[in-house]
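This one's a predicted model, so the numbers in the text were calculated from it and none came from an experiment. What you see below is based on every heavy atom in this structure, not just the backbone, and it leaves out hydrogens, waters and symmetry mates.
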Amino acid sequence: FIMNLPKEFLLGGATAAYQAEGATTKDGKGKVAWDDYLEKQGRFKADPASDFYNKYPIDLKLSHEFGVDAIRISIAWSRIFPNGDDAEANPAGVQFYHDLFKEARAQGVEPYVTLHHFDTPDALHSQGDFLNPHTIESFVRYAEFCFNEYQEEVKYWITFNEIWPVTSGQYLVGKFPPAITYDFSKTLQGQHNMMVAHAKAIKLFKDKQYDGEIGIIHSLETKYPYEGKKENEHAAFLYDVLANKFLLDATYKGYYTEEVMDAVNEILLANNGEIHITEEDLAHLDAAKDLNDFLGINYYQSNFVRAYDGDNDIHHNGTGEKGTSVFALHGVGEQMFDMDIPRNDWDWLIYPDGLRDQMIRVAKEYPNYKKIYVTENGMGYKDDFNTELIDDTPRIDYIRKHLIACTEAIDAGVNVAGYFVWSLMDVFSWSNGYNKRYGLFYVDFDTQERYPKKSAYWWKQLNENRDLS
Ligand code: BGP
């Protein structure tokens, strides 16, 4: 068992356009559904967020200085095509990302670029988002534009960030626009359609022989039966299919196994839902199943699941009031919180073993996976600001334990190539606003000053000595 991180193991930091950039209406950027949704909600806005639109040279310089060798950035689709499917690209938006990527290269920070991170242009989102096939076509066209335009600067591409969280946020939990609840048909159809869009985009990338690598990011929270009980095993399995395995099958098998479809149909039957999967869709999935150069896993927590037959009942803890989370899906299962496992103020269970187990499972069940990066992992924490040193020891402990989980997976034979901490600097959180901080660098959102936290100094040292003990 290795306690040292391999020398070549990549250490990066993650961000996303809408959560970092601000400037939501600048230089011709088109609207996204979040703009109106957040305004109506009235709790917080995504402007100026971390003002990354203007401050990126500072964040990249800090990355360079503190041993952050790669940065996950996403392109805001609506900066490039304000309505998602415009005939012409918006020159100012296109230029912004050239400048950003060039600056990353100048600082020796490798950009890993996500094409879609929860921010479909409103013009397409309001027409059904990915439930509408036109959005699939528009996405592929936007992807091709980016592959072409940024081919000199970008060598690592990611099609989608977290298909399950975005579709469930939109159609099941109702915490993301259009805030629909308990609609299993839309949730599953949305997942499937986004996978078709992914398959088409990577096929195109490979057919046109762009230089570099391409992959997809799934949020994979490991589902364990509550109290290890037999009667809860099926619930954990159903929930795993819904959130993980449906997407993994689409990614790496190119079809849904009978076991997975049985589970999907059981969930849909219990909730009066339906899904449409055509032969043509399956042909697209099949053509792409061996083209993923890497899988990004975003991992924050695992879930312990108990069988549940009551009504759908979700309370999303979006305030950090510990103990308020409820997540119970009719005919699927209920998440339990009373185990002897630490959790943060948002009720996210801190369970590094789940990351190791998940990576081992992917390698075993999907042997054509090639390579894994942890593309997000980190700890939401209410940091106390002071000008001396922001002491975020619990975050350091969290990151260290999850990196150890990576070494355990490597030791078990899994090809884990790197880890991106969420987040590089503090950013805006979709459903929590600004009190749930994740960054190595503290952002004073009033002045937009950056301050390295204790975790940033620890990270710098880790990158040098690779010592996890
Ligand atoms: C992931 C998203 C990120 C980020 C992170 C933390 O689901 O990809 O965008 O937000 O979770 O989540 P939260 O901000 O809800 O704590």
Side-chain angles (χ1 to χ4, degrees), residues 15-54 73-86 89-90 92-93 96-97 114-139 142 160-183 185-187 189-191 193-194 197 314-319 423 426-436 445 448:
T15 67
Y18 198 68
Q19 294 178 270
E21 289 174 358
T24 57
T25 56
K26 265 199 89 194
D27 297 333
K29 184 181 193 295
K31 211 193 229 187
V32 296
W34 285 98
D35 297 345
D36 288 347
Y37 175 79
L38 291 176
E39 198 177 313
K40 204 167 143 218
Q41 194 184 60
R43 283 175 67 204
F44 41 77
K45 303 188 293 183
D47 230 332
S50 327
D51 194 25
F52 189 66
Y53 196 70
N54 298 300
I73 313 169
S74 78
I75 296 179
W77 183 351
S78 74
R79 283 198 198 285
I80 308 290
F81 294 113
N83 297 298
D85 59 357
D86 311 62
N90 165 33
F96 169 68
Y97 292 105
T114 313
L115 290 166
H116 183 277
H117 195 126
F118 301 177
D119 58 349
T120 309
D122 189 50
L124 299 177
H125 194 278
S126 62
Q127 300 303 311
D129 201 6
F130 281 90
L131 297 173
N132 183 338
H134 177 62
T135 303
I136 302 179
E137 296 321 310
S138 307
F139 173 79
Y142 152 66
F160 287 104
N161 177 70
E162 296 193 348
I163 290 177
W164 158 253
V166 72
T167 51
S168 64
Q170 292 186 163
Y171 306 126
L172 206 59
V173 182
K175 64 177 176 173
F176 288 5
I180 292 167
T181 49
Y182 311 132
D183 191 324
S185 306
K186 286 194 167 68
T187 304
Q189 193 70 52
Q191 295 197 70
N193 289 10
M194 288 175 88
I314 296 176
H315 174 76
H316 172 67
N317 172 357
T319 55
S423 47
D426 292 335
V427 297
F428 149 82
S429 165
W430 304 100
S431 60
N432 305 279
Y434 293 93
N435 78 335
K436 192 178 190 185
F445 291 108
Q448 294 296 340

Do you see a donor-acceptor pair shorter than 3.5 Å between the side chains of Trp164 and Gln191?
no
Does a donor on one side chain sit under 3.5 Å from an acceptor on the other, for Asn161 and Thr114?
no
For the [atom1] atom of [X] and the [atom2] atom of [Y], what is their distance to the nearest 0.5 Å?
X: Asp129; Y: His134; atom1: CG; atom2: NE2; answer: 12.0 Å
X: Asp122; Y: Ser78; atom1: CG; atom2: OG; answer: 9.0 Å
X: Asn317; Y: Asn432; atom1: CG; atom2: CG; answer: 7.5 Å
X: Thr135; Y: Gln127; atom1: OG1; atom2: CD; answer: 8.5 Å
X: Leu172; Y: Asp183; atom1: CG; atom2: CG; answer: 8.0 Å

For residues [X] and [Y], report the shortest heavy-atom separation together with the two atoms involved.
X: Thr167; Y: Gly190; answer: CG2-C, 3.7 Å
X: Pro82; Y: Gly28; answer: CG-O, 3.5 Å
X: Ala76; Y: Tyr142; answer: C-OH, 4.3 Å
X: Gly174; Y: Tyr37; answer: O-OH, 3.8 Å
X: Thr181; Y: Val173; answer: CG2-O, 3.6 Å
X: Ala197; Y: Phe139; answer: CB-CD2, 3.9 Å

Indicate the ring-plane relationship of Phe130 and Phe160, choosing parallel, tilted or perpendicular according to the 30° and 60° boundaries.
perpendicular
Is the His117 ring parallel, tilted or perpendicular to the Trp430 ring (thresholds 30°, 60°)?
parallel
Would you check if Leu38 and Lys45 make a side-chain contact, meaning some heavy-atom pair closer than 4.5 Å?
no
Using the side-chain hydrogen bond (donor to acceptor under 3.5 Å, both in side chains) definition, which of the options Asp47, Asp119, Asp35 pairs with Thr24?
Asp47
Among all residues two or more places apart in sequence or in another chain, which pass the ring-ring contact (aromatic ring centres under 6.0 Å, His included) test with Tyr434?
Phe428, Phe445
What's the verdict on ring pair (Phe, Tyr, Trp, His ring centres under 6.0 Å) for Phe118 and Phe176, showing C-alpha distance, side-chain angles and the deciding distance?
CA-CA 9 Å; Phe118 301 177; Phe176 288 5; 5.2 Å; yes
For the salt bridge (charged side-chain N to carboxylate O under 4.0 Å, His left out) test, which of Lys26, Arg79, Lys29 pairs with Glu21?
Arg79
